[in-house]
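For reference, the structure is listed below as structure tokens.
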2 protein chains.
Amino acid sequence: MNMEPIKQRYSRQRETILQVVQSTLVHPNADWVYKETRKIIPNISLGTVYRNLNQLVESGRILKLKDEAMVRYDGNTGQHDHFRCSKCGKWYDVELIDQSIFKSFAEKHDFQIESFNLELEGTCKNCLDS
Amino acid sequence: MNMEPIKQRYSRQRETILQVVQSTLVHPNADWVYKETRKIIPNISLGTVYRNLNQLVESGRILKLKDEAMVRYDGNTGQHDHFRCSKCGKWYDVELIDQSIFKSFAEKHDFQIESFNLELEGTCKNCLDS
DNA sequence: AAGTTAATAGTAATAGTTACTGTTATGTTT
DNA sequence: AAACATAACAGTAACTATTACTATTAACTT
């Protein structure tokens, strides 16, 4: 059983993709990165962009926003936030102590806030115990 | 030009979908709602489920989590949160005053927190001014 | 220089969601 | 109560974001 760590080779494609993501503040999606990278490497393929973005996320060199692509619904329209257990995938409703801190914080930034979406992720009690 | 408000008619399908979503705490996705609703209305179509879920969200009777399906990336791996302008769609990096409040808050709930994802949505300075 | 295999380009497949089309049924008007 | 207008439907096709597959290319090792 070969337990050597998988070697990561250099590739111009990955290096360019990293530079593209690091060079902007627009929080791009994969397609934006693809189009920008094609300006430098015209025949790069979309699959390569996705593969490398995922690798760069895994190696901690870039961040990924929105882990779950799927939309989810909640019949409870009262004010609350969400916690998702990364082990069992369950969603929990949680109550944030005081949302007013966001309001004052937003005013400082000159934003007019319409909604908060606080999602915490981690391990729930059940999964910690077992 | 007809400016009458669009009338919403009653349908057993929509009513059942609403009950299904309101009857659970699992924060279901569309497919779960579809399967559950089919136990009551066996020949309901998936399109009907999606259409009604969206309508129920619009009329404020249920909540939608994760507005944007698309994944986005960020070359800035430093600690920060995000604000999205619903008018122009732009994402802004923002600094939350003190994330430690989430930690203490999470301890109360017996969760082991691995990551925070705070996303604020609203209107940005630019769009407010113009 | 030869060999190994990670990474690639290009394409096919998958999953979640929306759009389309002809039919059904709700609410309204005679 | 019958006729009407159209919201909503079931069923299916289309679309979009993402992943998987395959034969080829090119980094690194020996």
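Here is how names work: the chains are called A, B, and so on, in the same order as the sequence lines, proteins then strands, and each is numbered from 1.
- If you check C/dT8, C/dT26, D/dG11 against the side chain of A/Ser11, the one that comes closest is C/dT8.
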Show the distances under 3.5 angstrom between N or O atoms of the protein and N or O atoms of nucleotides 1-5 of chain D.
none

Could you run down nucleotides 20-25 of chain D 5' to 3' and tag each one B, S or - for protein heavy-atom contact under 4.0 Å? ------

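- A/Arg12 and A/Glu15 are not joined by a salt bridge, as no carboxylate oxygen comes within less than 4.0 angstrom of a charged side-chain nitrogen.
- To the nearest 0.5 Å, atoms CG (B/Asp31) and OH (B/Tyr50) are separated by 7.0 Å.
- In this structure, the nucleotide among D/dT19, C/dT17, D/dG11 sitting nearest to the side chain of B/Tyr50 is C/dT17.
- The distance from the NZ atom of B/Lys125 to the OG atom of B/Ser130 is 10.5 Å, given to the nearest 0.5 Å.
- Phosphate proximity of C/dA25 to B/Gln13: absent, as no side-chain N or O sits under 4.0 Å from OP1 or OP2.
- The OG1 atom of A/Thr24 sits 13.5 Å away from atom CD of A/Gln19, with the distance rounded to the nearest 0.5 Å.
- Put simply, CZ on A/Arg38 is 12 Å from P on C/dA9, counting in whole angstrom units.
- For the side chain to side chain contact (heavy atoms under 4.5 Å, CB included) criterion with B/Val33, the lone passing option out of B/Thr16, B/Leu18, B/Val21 is B/Val21.
- Rounding to whole angstrom units, CH2 of residue A/Trp32 and C1' of D/dT16 are separated by 20 Å.
- In this structure, CD of A/Gln55 is placed 16 Å from C1' of D/dT18, rounded to the nearest angstrom.
- When the nucleotides C/dT17, D/dA8, C/dT8 are ranked by their closest atom to the side chain of B/Gln8, D/dA8 comes out on top.
- Distance, B/Arg12 CZ to C/dG27 P: 15 Å, rounded to whole Å.
- Taken together through direct or relayed side-chain contacts under 4.5 Å among Ile, Leu, Val, Met, Phe, Trp and Tyr, B/Phe83 and B/Leu128 form parts of separate hydrophobic clusters.
- Defined by atom type and a distance below 3.5 Å, a donor-acceptor pair is present between the side-chain atoms of A/Arg51 and A/Thr48.
- Of the candidates D/dT18, D/dA10, C/dA9, D/dT18 carries the atom nearest the A/Leu46 side chain, counting heavy atoms from C-beta on.
- Comparing the end axes of the helix from C/dA1-D/dT30 to C/dT30-D/dA1, each fitted to five base pairs by superposing C1' atoms of four pairs onto the next four, gives an inter-axis angle of 30° (nearest 10 degrees).
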Derivation of the side-chain contact (heavy atoms from CB on, under 4.5 Å) call for B/Arg61 and B/Gln55: CA-CA 9 Å; B/Arg61 304 222 275 170; B/Gln55 257 181 245; over 6 Å; no

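- For the pair A/Arg38 and A/Tyr34, the distance from NZ or CZ to the six-membered ring centre is under 6.0 Å and the angle to the ring normal is within 45 degrees.
- Between B/Asn43 atom CG and D/dC9 atom P the separation is 12 Å, expressed in whole Å.
- Of the possible donor and acceptor atoms, none in the side chain of A/Arg14 sits under 3.5 Å from a partner among the backbone N and O of A/Leu53.
- For B/Asn54, taking side-chain heavy atoms from C-beta onward, the closest of the listed nucleotides C/dA9, C/dT18, D/dT19 is C/dT18.
- Checking A/Asp31 against B/Thr48, the closest nucleotide of DNA chain D that is more toward the 5' end is the one next to B/Thr48.
- Atom CG of B/Leu25 has 12 or fewer neighbouring heavy atoms from other residues, nucleotides or ligands inside a 6.0 Å radius.
- Taking the side chain of A/Ile41 as heavy atoms from C-beta on, and the options D/dG11, D/dT19, C/dA9, the nearest nucleotide is C/dA9.
- In the set C/dT26, C/dA9, D/dA8, C/dT26 carries the atom at the smallest distance from any side-chain atom of B/Tyr10.
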